[in-house]
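Written below as structure tokens is the structure these notes are about.
Just so you know, these numbers use all the heavy atoms, side chains as well, and skip hydrogens, waters and symmetry mates. First the proteins, then the strands, lettered A, B, ... as listed; each starts at 1.
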Amino acid sequence: MSSDPDLPQRILACVEAIPPGHVMTYGDVAEYVGSRTPRQVGHVLAQDGGTVPWHRVLRADGSFADHLRDEQRQRLIAEGVRVNNGRVDLRRYRWDGRADAKSS
DNA sequence: ATGTTGACACCGG
DNA sequence: TCCGGTGCCAACA
């Protein structure tokens, strides 16, 4: 299998599947949907990202995109996510796509 | 087909 | 831990 035709659709579905208070990195979403490149995830969000909670998707470092980091930061905080100096606690809010990890 | 840009990730210092 | 440069893949002109 390689490059499904509904890849963008899957990405949007994956982002929509992210529960509030949780976040996913572009690389994780890409891997989850089958994309080999996290860049494609960003491109898809740029197209129809307005139809999905894109603010729950952030970078591998836990930071946000340059143009959206302001809005994302506020939104994540509103969701109850703990943000530190523009950095989100991935190890705590990183969603695997199965259930919410509870590690304490 | 080629070159450039990009809502990224990884490695080295 | 923070900063910079490099690599990967896909979309666009």
Side-chain angles (χ1 to χ4, degrees):
Chain A
M1 60 208 230
S2 33
S3 313
D4 289 280
D6 299 306
L7 193 50
Q9 214 259 319
R10 281 190 179 185
I11 293 169
L12 296 172
C14 182
V15 177
E16 274 187 287
I18 301 174
H22 282 271
V23 297
M24 264 181 107
T25 69
Y26 291 96
D28 281 10
V29 176
E31 184 96 2
Y32 190 88
V33 303
S35 181
R36 299 100 58 71
T37 45
R39 286 204 166 270
Q40 217 199 340
V41 179
H43 260 272
V44 173
L45 288 174
Q47 284 174 84
D48 299 306
T51 67
V52 298
W54 50 268
H55 57 261
R56 284 182 195 147
V57 186
L58 31 116
R59 287 189 107 171
D61 297 344
S63 51
F64 325 98
D66 294 8
H67 21 271
L68 306 167
R69 70 180 167 79
D70 299 271
E71 191 121 16
Q72 281 200 261
R73 183 171 64 83
Q74 301 297 338
R75 283 196 182 266
L76 271 307
I77 292 169
E79 294 289 314
V81 176
R82 209 183 229 280
V83 182
N84 286 16
N85 196 8
R87 227 59 86 224
V88 180
D89 292 316
L90 284 175
R91 45 149 208 166
R92 192 172 146 133
Y93 294 104
R94 201 173 183 185
W95 188 51
D96 337 55
R98 313 215 167 252
D100 69 289
K102 45 114 232 179
S103 77
S104 279

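- For A:Gln72 and B:dA7, the shortest distance from a side-chain N or O to OP1 or OP2 is not below 4.0 Å.
- Residue A:Ala46 is classed as a base contact, given a heavy-atom separation below 4.0 Å to a base.
- Using a 4.5 Å heavy-atom threshold, the side chains of A:Phe64 and A:Asp70 count as separate.
- Nucleotide B:dG6 holds its P atom 14 Å from the CG atom of A:Leu68, rounded to whole Å.
- Surrounding CD of A:Glu79 are more than 12 heavy atoms belonging to other residues, nucleotides or ligands, all under 6.0 Å away.
- Here the shortest heavy-atom pairing between A:Ala30 and A:Thr37 reads CB-O, 3.8 Å.
- The interatomic distance linking A:Ile11 (CD1) with B:dA7 (C1') rounds to 12 Å, in whole Å.
- Distances were taken from every side-chain heavy atom of A:His43 (C-beta onward) to each of B:dG6, B:dA7, B:dC10; the shortest belongs to B:dG6.
- If you measure from atom CZ of A:Arg59 to atom C1' of B:dA9, you get 8 Å, rounded to the nearest angstrom.
- One finds no side-chain N or O of A:Arg69 lying less than 4.0 angstrom from the OP1 or OP2 phosphate oxygen of B:dA7.
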CA sep, side-chain torsions, deciding dist, call: A:Val52, A:Ile11, side chain to side chain contact (heavy atoms under 4.5 Å, CB included)
CA-CA 10 Å; A:Val52 298; A:Ile11 293 169; over 6 Å; no

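- Atom CG of A:Leu76 and atom P of B:dA7 are 19 Å apart (whole Å).
- Between A:Leu90 atom CG and C:dT1 atom P the separation is 13 Å, expressed in whole Å.
- In this structure, A:Gln40 and A:Asp61 both approach DNA chain B, and ranking their closest nucleotides by distance from the 5' end singles out A:Gln40.
- If you measure from atom CZ of A:Arg87 to atom P of C:dC3, you get 8 Å, rounded to the nearest angstrom.
- Across B:dA7, B:dC10, C:dA10, the shortest atom-to-atom separation from the side chain of A:Ala60 is found for B:dC10.
- In this structure, the CZ atom of A:Phe64 is 13 Å from the P atom of B:dA9, given to the nearest Å.
- Of the listed nucleotides (C:dC9, B:dA9, B:dA7), B:dA7 has the atom at the smallest distance from the side chain of A:His67.
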